[in-house]
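This report concerns only the one structure given below.
Residues: numbered from 1 along the sequence shown.
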Amino acid sequence: MEKFILLFRGSDVYDANQSPEALQLLTVKMLDWVGNLVKNGRHVSSEKLYRSGAQVSGTTKAINNIAFGAAKEVVGGCTIVLAKDISEAVEIAKACPILETDANIEIRPVQSV
């Protein structure tokens, strides 16, 4: 089995006009999805990211304290799964309920160091 990271980008559930109930419903669905991955021996870890942080850039190591979340491309969290290949990782991602909220999931193999 190989490790794959699923990067969750964007979701209309975080739009200002969405209700708290919509976020709660997504949270419940995501916990159920992760629970299923755990039960099937596919889950390695999951992390939700805060919307603020810092960015260090270039040779000058310029530091910017920024609030993420203004764009649809913001990574809101990730899950690492075990799969036999990228095709199986894609199938795992396709079952993720965050896709119901107009999000997208980037799937990338994790290299061992």
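The cluster map of Ile, Leu, Val, Met, Phe, Trp and Tyr, joined by side-chain heavy atoms under 4.5 Å apart, puts Val28 and Leu37 in different clusters. In the hydrophobic cluster analysis, where Ile, Leu, Val, Met, Phe, Trp and Tyr join through side-chain heavy atoms closer than 4.5 angstrom, Leu49 is grouped apart from Leu31. By the criterion of side-chain heavy atoms lying less than 4.5 angstrom apart, applied directly or through intervening Ile, Leu, Val, Met, Phe, Trp or Tyr residues, Leu7 is grouped together with Val110 in one hydrophobic cluster.
Clustering of Ile, Leu, Val, Met, Phe, Trp and Tyr by side-chain heavy atoms under 4.5 Å joins Val113 with none of the others. Taking Ile, Leu, Val, Met, Phe, Trp and Tyr as hydrophobic and joining them when side-chain heavy atoms fall under 4.5 Å apart, one finds Leu25 isolated, its cluster having no other members.
Minimum heavy-atom separation, Ala83 to Ala89: CB-N, 3.7 Å. Across Ala103 and Gly10, no two heavy atoms sit closer than the pair CB-O, 2.7 Å.
Residues passing the side chain to side chain contact (heavy atoms under 4.5 Å, CB included) test with Lys39 are Asn36, sequence neighbours excluded. By the side-chain hydrogen bond (donor to acceptor under 3.5 Å, both in side chains) test, Lys84 is found to be paired with no residue, residues two or more places apart in sequence or in another chain being considered. Taking Glu2 as the reference, nothing meets the salt bridge (charged side-chain N to carboxylate O under 4.0 Å, His left out) condition, with sequence neighbours excluded. Residues forming a side-chain hydrogen bond (donor to acceptor under 3.5 Å, both in side chains) with Glu47 (at least two apart in sequence, or on another chain): none. Considering only residues two or more places apart in sequence or on other chains, Ile80 meets the side chain to side chain contact (heavy atoms under 4.5 Å, CB included) condition with Lys3, Ile5, Val44, Ser45. In this view, Ala93 and Leu6, Ile105, Ile107 satisfy the side chain to side chain contact (heavy atoms under 4.5 Å, CB included) rule, not counting sequence neighbours. Under the salt bridge (charged side-chain N to carboxylate O under 4.0 Å, His left out) criterion, Glu91 pairs with Lys94, sequence neighbours left out. Every side-chain hydrogen bond (donor to acceptor under 3.5 Å, both in side chains) that Glu88 has, sequence neighbours left out, goes to Arg42.
In this structure the side chain of Thr79 reaches within 4.5 angstrom of the side chain of Phe8, judged on heavy atoms.
The only member of Val38, Ile92, Leu82, Val81 that meets side-chain contact (heavy atoms from CB on, under 4.5 Å) when paired with His43 is Val38.
Residue pairs satisfying the salt bridge (charged side-chain N to carboxylate O under 4.0 Å, His left out) criterion with at least one member in residues 104-113, sequence neighbours excluded, are listed as follows: Arg9-Glu106, Glu106-Arg108. Note on residues 26-35: pairs passing side chain to side chain donor-acceptor pair (under 3.5 Å), not counting sequence neighbours, are Lys29-Glu100.
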